[in-house]
Amino acid sequence: MSNVATSTGRAPTVFVPSAEALATVLAPEARPPRPSAWSASMTFGWRAMLKIKHVPEQLFDVTAFPIIMVLMFTYLFGGALAGSPREYLQFFLPGIMVTSVVMITMYTGVGLNTDIEKGVFDRFRTLPVWRPAALVGMILGDVLRYVLAALVILGVGLVLGFRPDGGVLGVLAGIGLLVVFSFAFSWVWTYFGLVLRSEKSVMGVSMMILFPLTFLSNVFVSPTTMPGWLQAFVNVNPITHLVAAVRAAMSGTSDPSNTMWLLLWSAGFLVVFGTLTMYRYNRR
């Protein structure tokens, strides 16, 4: 006990805890357990979804943009390329679904760069959790955006007359392949979000890469109509393999070759850019 004089003349009693009490409070077994890697990642994934709740304008790129793409290309090119918009839609919708979802993966890098500039990730790095959890959780949260964009495009396509021969299972398989690839591909933009200085730089570099990949592919037309030198690029383009695999799944058939290449590309993006991202993140 100790007494401290006050202006009122009274001496309030100040409690000093004993050494035994301090030891009990600071004992390791009294502390809450450290969250697992999965738990921490899911918590950060929930944070990413809460950001959408508080800023719903973020959903514009997964709702309005896909609808505009489907309507514009179906009615702009459908009659010229397939004789009627409805016939073209049967070929085109899986491709535009891939294009729209792959396009929005770049916002993973943009969002990461914005958080870094605001100092948010500096605070995350001080938390006693698995260090990559913030990055993994952010991408897991973005998976919801990919699924939502795919469902919006599918819904618009069904209204316009798209009829997948593969039924519900074929559609689910196609969306599953698309989400797997998009998750792996997001690590490319995560790395750019770490190494580039501004979100405008991330977006500029992303568009410079995405436009050739998505437009120089089999999304809009069959590669057999292209010049030989262009076919050589289109045939090794990962987006071509992805579109072919998704088309086959939705049509009720299988395409083992393109599905295998799709999974190999996904594994390559995840291993290479996931490793580079973690290396860069741990040394910032």
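In this text the structure is predicted, and so the values were computed from the model without any measurement.
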S.K.: Going by heavy atoms in the side chains, are Gln231 and Thr225 under 4.5 Å from each other?
M.R.: no
S.K.: Using the ring centroid of each side chain, check whether Phe220 and Phe73 are separated by less than 6.0 Å.
M.R.: yes
S.K.: Does the Arg163 side chain pair with the main chain of Leu158, one donor and one acceptor, at a distance under 3.5 Å?
M.R.: yes
S.K.: Kindly compute the distance separating OH (Tyr88) from CG (Leu76), expressed to the nearest 0.5 Å.
M.R.: 9.0 Å
S.K.: Rounded to the nearest 0.5 Å, what separation is found between the CD1 atom of Ile116 and the NZ atom of Lys118?
M.R.: 12.5 Å
S.K.: State, to 0.1 Å, how close Met226 and Val234 come at their nearest heavy-atom pair, and which atoms those are.
M.R.: SD-CG2, 3.6 Å
S.K.: Give the cluster check for Ile68 versus Leu151: same hydrophobic cluster or not, with ILVMFWY residues linked at side-chain heavy-atom distances below 4.5 Å.
M.R.: no
S.K.: Looking at every non-hydrogen atom in both residues, tell me the closest pair between Leu89 and Pro94 and how far apart they are.
M.R.: O-CD, 4.5 Å
S.K.: Do Phe269 and Trp265 make the cut of ring centroids closer than 6.0 angstrom?
M.R.: yes
S.K.: Side chains of Ser217 and Asn237 only: does a donor on one sit below 3.5 Å from an acceptor on the other?
M.R.: no
S.K.: What distance do Leu213 atom CG and Leu242 atom CG have between them, rounded to the nearest 0.5 Å?
M.R.: 11.0 Å
S.K.: Considering all heavy atoms of both residues, which atom of Pro66 and which atom of Ser100 are nearest to each other, and what is their separation?
M.R.: CA-OG, 4.0 Å
S.K.: Going from CD1 on Ile96 to CD1 on Ile153, what distance comes out if it is rounded to the nearest 0.5 angstrom?
M.R.: 6.5 Å
S.K.: Show, in sequence, the C-alpha distance, side-chain angles and deciding distance for Tyr146 and Ser186, and conclude whether the side chain to side chain donor-acceptor pair (under 3.5 Å) test is met.
M.R.: CA-CA 11 Å; Tyr146 307 152; Ser186 295; 2.5 Å; yes
S.K.: Main chain of Thr99, side chain of Thr214: is a donor-acceptor contact present, judged purely on distance under 3.5 Å?
M.R.: no
S.K.: With clusters defined by side-chain heavy atoms of hydrophobic residues (ILVMFWY) lying less than 4.5 Å apart, directly or transitively, does Phe211 cluster with Met69?
M.R.: yes
S.K.: Should Val180 and Met250 be counted in the same cluster of Ile, Leu, Val, Met, Phe, Trp and Tyr side chains packed under 4.5 Å apart?
M.R.: no
S.K.: May I have the step-by-step check of side-chain contact (heavy atoms from CB on, under 4.5 Å) for Phe92 and Leu81, ending in yes or no?
M.R.: CA-CA 10 Å; Phe92 170 67; Leu81 297 177; over 6 Å; no
S.K.: Check the pair Asp142, Thr108 against side chain to side chain donor-acceptor pair (under 3.5 Å), reporting the backbone distance first and the verdict last.
M.R.: CA-CA 7 Å; Asp142 283 341; Thr108 300; 2.7 Å; yes
S.K.: Between Met106 and Val188, is any pair of side-chain heavy atoms under 4.5 Å apart?
M.R.: no
S.K.: Got a second to check how far Thr224's OG1 is from Asn218's CG, nearest 0.5 Å?
M.R.: 10.5 Å
S.K.: Go through Leu154 and Phe162 one step at a time and tell me if the side-chain contact (heavy atoms from CB on, under 4.5 Å) criterion holds.
M.R.: CA-CA 8 Å; Leu154 178 64; Phe162 176 69; 4.1 Å; yes
S.K.: Give a yes or no on whether the backbone of Leu71 and the side-chain of Thr74 come within a donor-acceptor separation of less than 3.5 Å.
M.R.: no
S.K.: According to a hydrophobic-cluster definition based on side-chain heavy atoms being under 4.5 Å apart (Ile, Leu, Val, Met, Phe, Trp, Tyr only), do Phe181 and Val236 belong together?
M.R.: no
S.K.: Kindly indicate whether the side chain of Phe44, heavy atoms from C-beta on, has any atom under 4.5 Å from the side chain of Met138.
M.R.: no
S.K.: Do Ser198 and Ser201 have side-chain atoms, one donor and one acceptor, less than 3.5 Å apart?
M.R.: yes
S.K.: Write down the atom of Val156, the atom of Val70, and the distance for their closest heavy-atom approach.
M.R.: CG1-CG1, 3.9 Å
S.K.: Evaluate side-chain contact (heavy atoms from CB on, under 4.5 Å) for Met278 paired with Val136, printing each intermediate quantity in order.
M.R.: CA-CA 10 Å; Met278 295 303 176; Val136 176; 4.2 Å; yes
S.K.: Linking I/L/V/M/F/W/Y whenever any side-chain heavy atoms sit under 4.5 Å apart, do Leu263 and Val143 land together?
M.R.: no
S.K.: Just so I know, are the side chains of Phe192 and Asn113 near enough to count as touching, which here means a heavy-atom distance under 4.5 Å?
M.R.: no
S.K.: What is the minimum heavy-atom distance between Asp255 and Ala248, and which atoms define it?
M.R.: CB-CB, 3.7 Å
S.K.: Centroid-to-centroid, Phe185 to Trp189, below 6.0 Å?
M.R.: yes
S.K.: Rounded to the nearest 0.5 Å, what separation is found between the CG atom of Leu262 and the CG atom of Leu178?
M.R.: 9.0 Å
S.K.: Name the one of Thr275, Thr190, Val195 that satisfies side chain to side chain contact (heavy atoms under 4.5 Å, CB included) with Arg280?
M.R.: Val195
S.K.: Is it the case that the side chains of Tyr107 and Ser206 hold a donor-acceptor pair, with the cut-off being a distance below 3.5 Å and no angle test?
M.R.: no
S.K.: Considering non-hydrogen atoms only, spot the tightest contact between Trp187 and Thr277 and give its length.
M.R.: O-OG1, 3.5 Å
S.K.: Quick one: does NZ or CZ of Arg247 land under 6.0 Å from the six-membered ring centre of Phe91, within 45 degrees of the ring axis?
M.R.: yes
S.K.: Does Pro85 reach the side chain of Leu160, with side-chain heavy atoms less than 4.5 Å apart?
M.R.: no
